[in-house]
Amino acid sequence: MAKVKGPTPQSEDFSQWYLDVIQMAELADYAPVRGTIVVRPYGYALWENVQRTLDGMFKATGHQNAYFPLFIPMSFLQKEAEHVEGFSPELAVVTHAGGEELEEPLAIRPTSETIIGYMWSRWIRSWRDLPQLLNQWNNVVRWELRTRPFLRTSEFLWQEGHTAHATKEEAEEETTRMLGVYVDFAENHAALPVIPGRKTEREKFAGAVYTTTMEAMMRDGRALQSATSHFLGQNFARAFEITFQDKDLKEKYVWTTSWGLSWRILGGIIMTHGDDRGLVLPPRIAPIQVAIVPIYKAESRERVLAEARRLERGLTELGLRVRLDDRDQYTPGFKFHDWELKGVPYRIELGPRDVEAGTAVLASRLGGKETLPLDGLARALPERLAAFHRELFERARNFREARTRAVDDYPAFKEAVAEGFALAFHCGDAACEKAIQEETRATARVVPFEAPAEEGVCVRCGRPAAYGRRVVFARAY
RNA sequence: CGGGGCGUAGCGCAGUCCGGCAGCGCGCCUGCUUUGGGGGCAGGAUGUCGCAGGUUCAAAUCCUGCCGCCCCGACCA
């Protein structure tokens with residue numbers, strides 16, 4: 001009975017736990033270039049499920065996929081003042097190609113507002129060409145100084161939606177609608193409770209008029225910005241001369257939005273649901289929802305496997321993602337640990353005794369084993385998986401609420417952000433916000449949409465509060 | 001970009017101080033046995049000791065330079 005090391009316990013070193021789990025569960029591995037990772041098949045299957053789900057939601061809201069190039073002329077990025085200031089420090093730039101120095105360096109896209117803006121300026125002529133509702137699934141590069149798998153990598157996969165509209169109202173509606181899609185995805189598919197709202201001026205996207213976001217709490221109490229949706233106003237329209245002739249015969253600038261969700265969400269799923277045994281994956285996006293572990297001796301092998309295959313077929317026919325673990329070189333105990341590490345929601349154990357009795361053991365990744373009749377077992381699983389999702393979501397929400405405190409003085413604020421979210425009034429001044437960060441390492445994460453209207457004074461400087469409500473502060477990833 | 005750590009078998013490491021046969025655990029391969037919570041026994045394979053240069057009869061070990069990665073902090077999806 002060899003003792004095999006599991007991941008570092010969360011309580012001992014949460015960051016090490018995260019890194020251990022990613023490696024051990026075979027989600028990803030480090031690649032040769034600093035800050036880059038290889039997403040392994042199990043991790044990529046998870047990402048594919050995120051993609052498939054979200055892509056359907058984008059299409060249901062009228063968007064179409066397109067693809068714009070990886071290379072962007074440097075001059076494009078310089079056209080929007082805030083945008084270039086925000087992104088230039090982290091650009092990767094190609095200066096040589098084909099054995100020669102390029103006349104104009106090419107930025108590897110950090111995001112595609114500029115090249116899409118350029119194309120729109122050629123495509124859009126009339127109000128009849130609007131709205132433009134585009135999305136692309138791609139990779140982008142941002143040369144981050146401090147990297148961490150999924151959360152912050154030099155190259156990452158994401159989707160970036162870009163839309164152009166005739167009116168401000170329509171663009172703002174789009175901004176809100178798409179944040180709503182992300183919230184729907186987070187809560188109903190990834191089981192992540194999130195707080196939707198607006199970013200402060202200091203935290204907004206470089207080039208946006210304003211940024212909306214959803215923030216989630218990880219199991220170490222830190223916040224993770226899980227998706228953003230930006231109202232870009234006419235900033236990019238002016239920079240790229242994207243104009244159209246309206247019904248009133250006047251030439252006008254379009255109003256644009258952009259919104260994105262990256263594989264960072266996988267980091268959020270890992271750090272929200274995982275425990276000391278490893279991953280816990282939300283059923284709706286788990287690559288494997290049910291693992292069947294057959295238990296047999298040489299003489300019972302065929303009998304047990306035959307029954308296991310019958311069960312596998314029954315589950316597959318219901319549209320469930322199933323894996324029959326018939327690897328001969330491992331013992332059942334090993335397989336139990338393995339599927340727990342990989343976060344599979346349900347495991348079915350099937351041995352000679354069960355086959356004899358017409359039963360099987362159903363084990364939940366959230367704990368508990370029960371013996372159930374084989375007959376009807378498959379049909380019971382969809383409801384079990386739905387309940388699993390609900391329990392996962394509730395657990396995460398309870399955790400967040402237990403670690404969230406409304407605070408009105410600075411000492412209490414410091415205590416609150418040391419272990420979770422602080423709900424506090426703030427004056428709205430960027431310098432004061434920066435001081436908070438320097439003094440507490442916490443930042444303003446989100447001004448929640450859904451928060452009671454309240455007046456007060458700034459938790460740090462005592463000046464009258466802005467926003468008319470409390471702001472969520474936390475240490476963030 | 002600042003601070004720290006580490007590069008030795010696929011992985012985790014010991015050996016480096018004090019130069020002298022390249023080691024351990026896990027994993028891997030073969031066989032037998034086992035299988036209801038990470039089995040056992042036996043046999044076996046696997047190395048530019050990060051790179052370059054120097055000192056020496058002799059370098060993983062000492063000297064010089066370089067490279068890379070990881071972790072921690074300030075910036076970002």
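Letters go in sequence order (proteins before strands), and every chain restarts at 1. In this text, all values refer to a predicted model and were calculated from it rather than measured experimentally.
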(request) Determine the contact category for A:S15: base if any of its heavy atoms lies under 4.0 Å from a base atom, sugar-phosphate if only primed atoms, P, OP1 or OP2 are that close, otherwise nothing. (result) sugar-phosphate

(message) Tell me whether the side-chain N or O atoms of A:K369 pair up with the base of B:G36 as donor and acceptor below 3.5 Å, since no angle test is needed here.
(response) no

(message) Tell me which nucleotide, if any, is Watson-Crick or G-U wobble paired with B:G73 when both distances must be under 3.5 Å.
(response) B:C1

(request) Check every atom of B:G37, B:C76, B:G73 against the side chain of A:E340 and return the nucleotide holding the closest atom. (result) B:G37

(message) In whole Å, measure the gap between the P atoms of B:C11 and B:C70 for me.
(response) 15 Å

(request) In whole angstrom, give me the gap between the P atoms of B:C29 and B:C21. (result) 32 Å

(message) Mind checking if A:Y182 touches a base, just sugar-phosphate, or nothing, with heavy atoms under 4.0 Å?
(response) nothing

(message) Any base atoms under 4.0 Å from A:T443, or only sugar-phosphate, or nothing? Heavy atoms, all strands.
(response) nothing

(request) Can you tell me, in whole Å, how much space there is between the P of B:C18 and that of B:U61? (result) 14 Å

(request) Pick base, sugar-phosphate or nothing for A:Y30, based on heavy-atom distances below 4.0 Å to the nucleic acid. (result) sugar-phosphate

(request) Using only heavy-atom distances, determine whether the side chains of A:Q136 and A:S112 contain a donor-acceptor pair under 3.5 Å. (result) yes

(request) Just call it for A:R353: base, sugar-phosphate, or nothing, with non-hydrogen atoms closer than 4.0 Å on any strand. (result) base

(request) Mind checking A:R475 for me? I need base, sugar-phosphate or nothing, with any heavy atom below 4.0 Å counting as a touch. (result) sugar-phosphate

(message) Are there over 12 heavy-atom neighbours, none belonging to A:E85, within less than 6.0 Å of that residue's CD?
(response) no

(request) Would you kindly give the CG-to-P distance between A:L151 and B:C75, to the nearest whole Å? (result) 17 Å

(message) Would you say that A:F231 contacts A:E174 through its side chain, given a criterion of any heavy-atom pair below 4.5 Å between the two side chains?
(response) no

(request) In sequence, state the C-alpha distance, the side-chain angles, and the governing distance for A:K199 and A:E215, and then conclude on side-chain contact (heavy atoms from CB on, under 4.5 Å). (result) CA-CA 10 Å; A:K199 283 286 184 193; A:E215 298 282 326; 2.8 Å; yes

(request) To the nearest Å, give me how far apart CD (A:Q437) and P (B:G73) are. (result) 13 Å

(request) Give A:G260 one of three labels, base, sugar-phosphate or nothing, depending on what nucleic acid heavy atoms sit under 4.0 Å from its own. (result) nothing

